[in-house]
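Reviewing the structure listed below.
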Amino acid sequence: MTLHLDDLRVRRLGECRYDSPFSEMLSTKQTSPHYVAEGDRVLLEDTVSMLAEHSLPPGRVPSFEAAGPRRKIYFDPARVTAGIITCGGLCPGLNNVIRGLVQELTVHYKVKRILGFRNGLQGLTAEHRNDAIELTPDRVRDIHNAGGTILGSSRGGQDADEMVDSLVLRGINILFVIGGDGGMRAATFLSKAIRARGLDIAVIGVPKTIDNDLPFTDQSFGFQSAFARATDFISSVSIEAAASPNGVGIVKLMGRHSGFIASYAALAANAADIVLIPEIPFALGGADGLLAHVEQHVRSKGFVVIVVAEGAGQDLFEEHGLPQHNGRGTDASGNVKLGNIGELLKESITAHLTAVGLAPAMRYIDPSYAVRSIAANAYDSVYCLRLAHAAVHAAMAGRTEAAVARWRRRFVHVPLSLMTSRGNQVDPDGDLWMSVLETTCQPARFGSAPDRGELNRAS
Ligand SMILES: Nc1ncnc2c1ncn2[C@@H]1O[C@H](COP(=O)(O)OP(=O)(O)O)[C@@H](O)[C@H]1O
Ligand SMILES: O=P(O)(O)OC[C@H]1O[C@](O)(COP(=O)(O)O)[C@@H](O)[C@@H]1O
Ligand SMILES: [Mg+2]
């Protein structure tokens, strides 16, 4: 997809006429590698060859608006009521973002009223709009020490007009939506309804997901904490598998469409023989299939350790007429329910090894919720705080229908239309997957699984 400068423009509610409380602090700042003045931009691409391909003057090269405080702001802070919602699956750092938003809004911008809507979009329905809680620095002081979200979260759609009514009735001028791909779509959907009514309400997304499946962000917050936790489970399973005759260790990790957690955790633990991710199809049977490789590991090394992302091998259920293992259908948010690949591997590996006289000691764990419900680690805590700062600056400067993200290590504003334009997946031809292959020594393909080109042509 070729992006042009116009695709990267962020919508503004209007001219910034108020002095920012940061204007004094900013008056001495020059544009520098660490501070970008209004008007300067962060490049979309960062290699000379990619830039050269455009053959465009510097002012037309695709670039993002840099995040950060402006000297002039759009909203009069004294009249602002801000709202915050968290939606979708849990992710380490949700409370850190809430805390960062509340602190930045109150301490620096002196915003007096912040409402936390309960349980995701549900909190914006007529039934629940009055359940919102007042968020103050006192209320959020210690919340970053705990996982989860003090506001609660949910899946499932709500009526856009009813949600906009709630924003109007509760006097909201700025809404922060902390959510994943679904949450960013919901923010877009809400923004459109707000725009259709000509309302002066800014909507800013803070992208969250342990799957790291959102585009235009180097890594989503919480991802580091989540894969670090997942690493512990891989280490435990590998110790168990190694200590048992014909040991088979399987760890199933989250990752609906993207195998980032599986790949990073496997690299960090450096104990997996096989990593299976949604981006790379694989075959179970046949001379080069997964089962033959598992058998080979057990025969030569005595045990095998497999890390599998939940979205891997979904084509196997139908292809082999295998039971769906709770798959099929969609959840309340419209996400496809997946077949349980962990159970499928456990059953087929047990059957295969037993049939060849290597009855296995199976050590299978699915630590999914244990991985995503923890508090943010130190790295993510910093990241969440800085994203929260960027989100507040963006909203106060009248940006809307945008998300804040870190892109090529700089904080930027990304139009929601781009955030929801595609997913982010492990590139089978990229350096991350190459590192996985180098570490595990697994083959590039298990069996005669169709290559990606064939799959794309078929769909
Ligand atoms: N296309 C959409 N339009 C409006 N709301 C959506 C859309 N997609 C998802 N949502 C809502 O956004 C919320 C979060 O989505 P979900 O997929 O559950 O989690 P996540 O934000 O983590 O991806 C849910 O309440 C869901 O109903
Ligand atoms: O059981 P739940 O709550 O529906 O969540 C399961 C999903 O949540 C995730 O952890 C994260 O998904 P979202 O970021 O889209 O919420 C997925 O990896 C997983 O498929
Ligand atoms: Mg999602």
Side-chain angles (χ1 to χ4, degrees), residues 85-94 97 117-125 128 147-149 151-164 175-194 203 205-215 217 219-223 225-227 229-230 252-265 277-278 308-312 314 326-327 329-342 366-374 401 403 416-417 419-426:
I85 58 170
T86 49
C87 46
L90 293 185
C91 175
L94 286 164
V97 176
F117 292 96
R118 306 301 310 273
N119 300 323
L121 298 186
Q122 242 181 54
L124 290 175
T125 56
H128 295 292
T149 157
L151 297 178
S153 189
S154 69
R155 299 197 190 273
Q158 310 296 341
D159 180 72
D161 277 319
E162 188 176 335
M163 293 194 284
V164 178
L175 181 70
F176 296 101
V177 179
I178 312 171
D181 57 334
M184 295 303 111
R185 280 191 197 95
T188 310
F189 175 68
L190 259 175
S191 302
K192 283 190 182 144
I194 289 168
V203 178
V206 184
K208 78 79 230 180
T209 166
I210 59 160
D211 290 0
N212 195 38
D213 59 357
L214 284 160
T217 176
Q219 264 178 5
S220 43
F221 78 77
F223 171 71
S225 308
F227 88 69
R229 182 78 182 105
K252 177 179 157 234
L253 297 172
M254 282 188 171
R256 232 193 276 274
H257 306 294
S258 305
F260 288 105
I261 297 192
S263 299
Y264 270 85
I277 60 172
V308 59
E310 63 175 335
Q314 292 299 307
N326 309 324
T330 56
D331 69 13
S333 293
N335 299 303
V336 173
K337 285 193 191 166
L338 299 172
N340 191 331
I341 187 67
D366 178 350
S368 303
Y369 295 111
V371 165
R372 75 177 193 187
S373 57
I374 57 168
E401 296 174 35
L416 285 177
S417 54
M419 255 305 158
T420 55
S421 61
R422 61 178 170 87
N424 182 34
Q425 290 195 301
V426 175

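Just follow the structure's listing: the first ligand is 1, and inside any ligand the first atom is 1.
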Tell me, which protein residue and heavy-atom name are nearest [atom], and how many Å apart are they?
atom                    : result
atom 17 (O) of ligand 1 : N335 ND2, 3.0 Å
atom 18 (O) of ligand 2 : D211 OD1, 2.7 Å
atom 12 (O) of ligand 2 : R256 NH2, 3.3 Å
atom 26 (C) of ligand 1 : S333 OG, 3.3 Å

Within-shell test, [X] vs ligand 1, heavy atom, strictly < 4.0 Å:
X    : answer
D181 : yes
M184 : no
G334 : no
G156 : yes

Task: N or O pair under 3.5 Å between R155 and ligand 2 - done: yes

TODO: To the nearest 0.5 Å, tell me how far T149 OG1 sits from I85 CD1.
DONE: 10.5 Å

- [ ] Mind checking the CZ-CG spacing from R155 to N119? Nearest 0.5 Å is all I need.
- [x] 13.5 Å

Find all atoms of ligand 1 within a distance of less than 4.0 Å from any non-hydrogen atom belonging to [X], and give their numbers and elements.
X    : answer
L121 : 11 (C), 12 (O), 25 (O)
G157 : 27 (O)
G89  : 22 (O)
G180 : 20 (P), 21 (O), 22 (O), 23 (O)
R155 : 16 (P), 17 (O), 18 (O), 19 (O), 25 (O)

Task: Nearest-option assignment for atom 21 (O) of ligand 1, heavy atoms, candidates G183, G88, S154 - done: G183

Open item on the list: Tell me the nearest of M163, K192, R185, K208 to atom 2 (C) of ligand 1, using heavy-atom distances.
Closed with: R185

- [ ] Tell me, please: is G255 in heavy-atom contact with ligand 2, that is, under 4.0 Å?
- [x] yes

- [ ] Indicate, with yes or no, if the rings of F227 and F260 have centres closer together than 6.0 Å.
- [x] no

I need the atoms of ligand 2 closer than 4.0 Å to a non-hydrogen atom of [X], numbered in the order shown.
X    : value
I210 : 10 (O)
Y369 : 1 (O), 2 (P)
K208 : 13 (P), 14 (O), 16 (O)
E310 : 17 (C), 18 (O), 19 (C), 20 (O)
R372 : 2 (P), 3 (O), 5 (O), 6 (C), 7 (C), 8 (O), 9 (C), 10 (O)
D181 : 15 (O)
G89  : 16 (O)

Open item on the list: Is the shortest side-chain heavy-atom distance between V203 and V177 below 4.5 Å?
Closed with: yes

- [ ] Using a 4.5 Å cut-off on heavy atoms from C-beta on, say whether the side chain of L338 contacts that of R256.
- [x] yes

Task: Heteroatom test (N, O or S) for D181 near the Mg ion (ligand 3), limit 2.8 Å - done: yes

Do any nitrogen or oxygen atoms of [X] come within less than 3.5 Å of a nitrogen or oxygen of ligand 1?
X    : value
F189 : no
G182 : yes
G179 : no

Task: Shortest non-hydrogen contact from N424 toward N212 - done: ND2-O, 3.0 Å

Open item on the list: Please give me the minimum heavy-atom distance between A226 and I261, naming the atom from each residue.
Closed with: CB-CD1, 4.4 Å

